[in-house]
Amino acid sequence: HAKEGGRNTYQFFRKEMRGRNTKLQDKEEQLLEALARQQFVLFYQAQINLESGAITGVEALIRWRHPERGLLLPESFIQDAEDCGAIVAIGRWVLLEACNQAQAWLDEGLIFNMMAVNVSAHQFANNDFLENVQSVLQQSGWTPNRLELELNESVLLKNIASATITLHALRSIGVKIAIDDFGTGCSSMIYLKQLAVDTMKIDRSFVHDISSSEDDILVRAIIGIGKGFRHRIIAEGVETAEQLAILRDIDCSTAQGYYLNRPMIAEEFADFLKAGVAEHLLKRQGMPGDP
Ligand code: C2E
Ligand code: MG
Ligand code: MG
Ligand code: MG
């Protein structure tokens with residue numbers, strides 16, 4: 001009986017595994033087909049200096065224009081892409097597209113400093129990643145020290161030893177590194193100690209409650225740590241004038257969020273860059289330059 005049970009379990013398991021594998025293979029096929037059909041698109045969101053109102057950086061955020069399901073946010077496909085491995089090809093496209101766009105805006109005379117690109121764990125761990133970054137910089141002409149790779153804890157946690165090597169190699173060619181969603185994982189502090197990073201992005205969950213809870217103590221502390229390390233600090237997810245005012249009050253240098261601008265397609269973002277500080281930002285309550 002036991003033997004038979006074992007075999008049944010085994011066969012069931014085999015079937016499950018096969019089912020799972022074909023599912024992943026389907027996903028991979030769909031994602032790579034979407035890539036080939038140019039269904040992915042980058043949206044852009046500004047990183048804004050809270051003292052001057054200047055746009056210091058731009059974060060590229062992927063979306064999928066799905067022929068049936070409409071515009072899909074990364075939460076509905078990035079994990080799949082990561083699991084099936086399609087993220088390597090997609091991530092390569094993202095890097096090239098973002099750097100090409102950045103260089104095109106620069107050539108048009110639009111002013112901003114940094115292009116920030118999100119990188120996921122599988123992509124970062126891939127052997128060809130460094131080479132890919134270098135070839136993208138070469139192809140696009142974008143300056144290495146104006147490219148910032150945003151890595152979150154799951155990326156760095158995978159293998160801190162090899163992550164450290166890759167990070168140092170990236171920095172040696174001039175590329176900047178940001179820790180994304182800072183404070184959400186329990187080992188954020190270890191990165192600061194061990195890893196070469198330039199920027200800390202304070203997770204939006206802290207910014208969200210900054211006016212109504214003791215989160216301002218945490219944000220103040222994070223900003224203090226960042227200053228100690230001479231890191232650039234970006235607060236994510238600023239949605240209200242009040243949050244913005246508090247962040248400025250506690251000397252947070254840079255912020256991103258719907259209150260400042262929503263992620264938008266390249267053409268719209270170019271208009272936003274052209275209009276610059278005066279049109280869009282200084283008229284907002286709480287920004288410098290207000291009457
Ligand atoms: P993230 O890098 O932390 O990006 C910030 C997310 O917060 C973006 O969501 C952005 O649209 C959203 N956001 C910006 N301002 C506000 C705000 O004021 N309030 C709120 N509630 N949200 C705000 P999005 O575009 O859906 O991206 C989600 C995550 O997907 C990103 O988080 C990043 O981890 C990942 N992702 C996005 N693009 C890429 C990509 O090209 N490659 C990879 N590997 N991951 C990506
Ligand atoms: Mg990010
Ligand atoms: Mg984030
Ligand atoms: Mg996030």
Side-chain angles (χ1 to χ4, degrees), residues 31 34-35 39-48 57-65 70-102 114-126 129 132-133 136 147-156 158 176-185 188 197-211 222 232-244 247 254-266 268-269 284:
L31 286 161
L35 186 61
Q39 289 170 2
F40 292 110
V41 58
L42 294 183
F43 277 45
Y44 298 92
Q45 187 180 38
Q47 302 175 336
I48 291 164
V58 182
E59 181 176 6
L61 296 160
I62 195 171
R63 272 97 182 93
W64 180 358
R65 287 198 197 285
L71 189 70
L72 302 181
L73 292 172
E75 63 185 20
S76 61
F77 62 89
I78 283 291
Q79 190 57 52
D80 283 342
E82 179 84 13
D83 294 343
C84 73
I87 193 68
V88 174
I90 295 171
R92 222 177 262 154
W93 173 82
V94 170
L95 258 179
L96 184 60
E97 178 75 10
C99 290
N100 277 337
Q101 184 62 72
M114 203 66 82
M115 173 56 77
V117 178
N118 294 285
V119 174
S120 64
H122 194 128
Q123 188 188 354
F124 185 76
N126 190 275
F129 183 66
N132 176 227
V133 171
V136 160
L147 172 65
E148 183 155 82
L149 301 178
E150 297 195 359
L151 311 169
N152 64 27
E153 192 152 298
S154 70
V155 176
L156 301 168
K158 262 207 158 168
K176 307 285 180 199
I177 306 293
I179 302 185
D180 210 341
D181 309 329
F182 187 86
T184 53
S188 305
V197 303
D198 304 279
T199 301
M200 291 157 56
K201 300 191 74 175
I202 304 175
D203 191 68
R204 68 166 177 265
S205 59
F206 296 105
V207 174
H208 186 263
D209 294 331
I210 199 171
S211 55
I222 293 171
R232 201 160 74 103
I233 296 161
I234 303 177
E236 296 192 273
V238 178
E239 291 180 350
T240 68
E242 195 187 4
Q243 290 164 354
L244 184 66
L247 287 167
T254 314
Q256 236 178 300
Y258 295 162
Y259 181 74
L260 296 162
N261 81 310
R262 292 233 163 213
M264 48 193 144
I265 57 169
E268 271 183 87
F269 195 80
R284 297 274 200 181

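Basis for what follows: all heavy atoms, side chains included, without hydrogens, waters or symmetry-related copies. These numbers come from a predicted model, not from an experiment. First listed ligand is number 1; within each ligand, the first listed atom is number 1.
Nearest heavy-atom pair across Ala98 and Met115 is O-CE, 3.6 Å. Residue Glu239 comes nearest to Tyr258 through the heavy atom pair OE2-CD1, 4.0 Å, listed as atom of the first residue, atom of the second, then distance. Considering all non-hydrogen atoms of both residues, Val119 and Leu149 come closest at CG2-CD2, 3.9 Å.
Looking at Gln243, Glu239, Glu150, it is Glu239 that brings a heavy atom closest to atom 19 (N) of ligand 1. In the candidate list Ile87, Thr184, Asn118, Asn118 is nearest to atom 34 (O) of ligand 1, counting heavy atoms.
Put simply, the side chain of Asn132 never gets that close to the backbone of Arg92: no donor and acceptor are under 3.5 Å apart. The main-chain N or O of Ile177 is found under 3.5 Å from a side-chain atom of Asp198 such that the two form a donor-acceptor pair. His122 contributes a side-chain N or O that, together with a main-chain N or O of Glu82, makes up a donor-acceptor pair within less than 3.5 Å. With hydrogens and angles disregarded, no donor-acceptor distance shorter than 3.5 Å links the side chain of Glu97 to the backbone of Trp93.
Side chains of Asn118 and Glu59: a donor-acceptor N/O pair is present below 3.5 angstrom, by distance only. In this model, no donor atom of one side chain and acceptor atom of the other lie less than 3.5 Å apart for Gln47 and Thr254. Side chains of Gln45 and Gln256: a donor on one and an acceptor on the other come within 3.5 Å. Thr199 and Glu148 share a side-chain donor-acceptor pair at under 3.5 Å.
At a 4.0 Å heavy-atom cut-off, ligand 1 touches Leu61 through backbone and side chain alike. When heavy-atom distances to ligand 1 are checked against a 4.0 Å cut-off, Glu82 has no atom that comes that close, whether in backbone or side chain. At a heavy-atom cutoff of 4.0 Å, ligand 1 is contacted by the side chain of Gln45 but not by its backbone. Using a 4.0 Å cut-off between heavy atoms, Arg262 makes no contact with ligand 1 at all. Within the 4.0 Å heavy-atom criterion, the part of Asp181 lying near ligand 1 is the side chain and not the backbone. Residue contacts with ligand 1, taken as heavy atom pairs separated by less than 4.0 Å, involve Ser120 via backbone and side-chain atoms alike.
Counting only heavy atoms from C-beta outward, the side chains of Phe182 and Ile233 never approach each other to under 4.5 Å. Using a 4.5 Å heavy-atom cutoff, the side chains of Leu31 and Phe40 are in contact.
At least one N/O/S atom of Asn118, from backbone or side chain, sits under 2.8 Å from the Mg ion (ligand 2). Not a single N, O or S atom of Asp203, from either the backbone or the side chain, sits less than 2.8 Å from the Mg ion (ligand 3).
Shortest distance from the Mg ion (ligand 2) to Glu59 is reached at OE2 (N/O/S atoms only). In terms of distance to the Mg ion (ligand 2), the nearest N, O or S atom of Glu150 is named OE1. The Mg ion (ligand 3) sits nearest to atom OD1 when only the N, O or S atoms of Asp181 are considered. The atom of Asp180 that is an N, O or S and sits closest to the Mg ion (ligand 3) is OD1.
Of the N or O atoms in Tyr259, none lie within a sub-3.5 Å distance of an N or O in ligand 1. Considering backbone and side-chain N/O atoms, Ala60 never comes within less than 3.5 Å of an N/O atom of ligand 1. In terms of polar-atom proximity, defined here as any N/O pair under 3.5 Å, Gln256 makes no such contact with ligand 1. Considering both main-chain and side-chain atoms, Tyr258 comes within under 3.5 Å of ligand 1 through a nitrogen or oxygen pair.
Ligand 1 places these atoms under 4.0 Å from at least one heavy atom of Gly257: 15 (N), 18 (O). Within ligand 1, counting atoms from 1 as listed, the ones closer than 4.0 Å to a heavy atom of Val94 are 41 (O). Interface of Pro263 with ligand 1, defined as ligand atoms under 4.0 Å from a residue heavy atom, comprises 11 (O). Residue Arg63 has at least one heavy-atom neighbour below 4.0 Å for each of these atoms of ligand 1: 11 (O), 24 (P), 25 (O). Less than 4.0 angstrom separates some heavy atom of Glu59 from each of these atoms of ligand 1: 2 (O), 4 (O). Taking every heavy atom of Val238 and a limit of under 4.0 angstrom, the matching atoms of ligand 1 come to 18 (O).
Using a 30° and 60° split on the angle between ring planes, Phe269 and Tyr44 fall in the tilted class, from 30° to 60°.
Residue-ligand proximity: Arg204 is placed with a non-hydrogen atom under 4.0 Å from ligand 1.
Atom CG of Asp180 sits about 6.0 Å away from atom CG of Asn152, to the nearest 0.5 Å.
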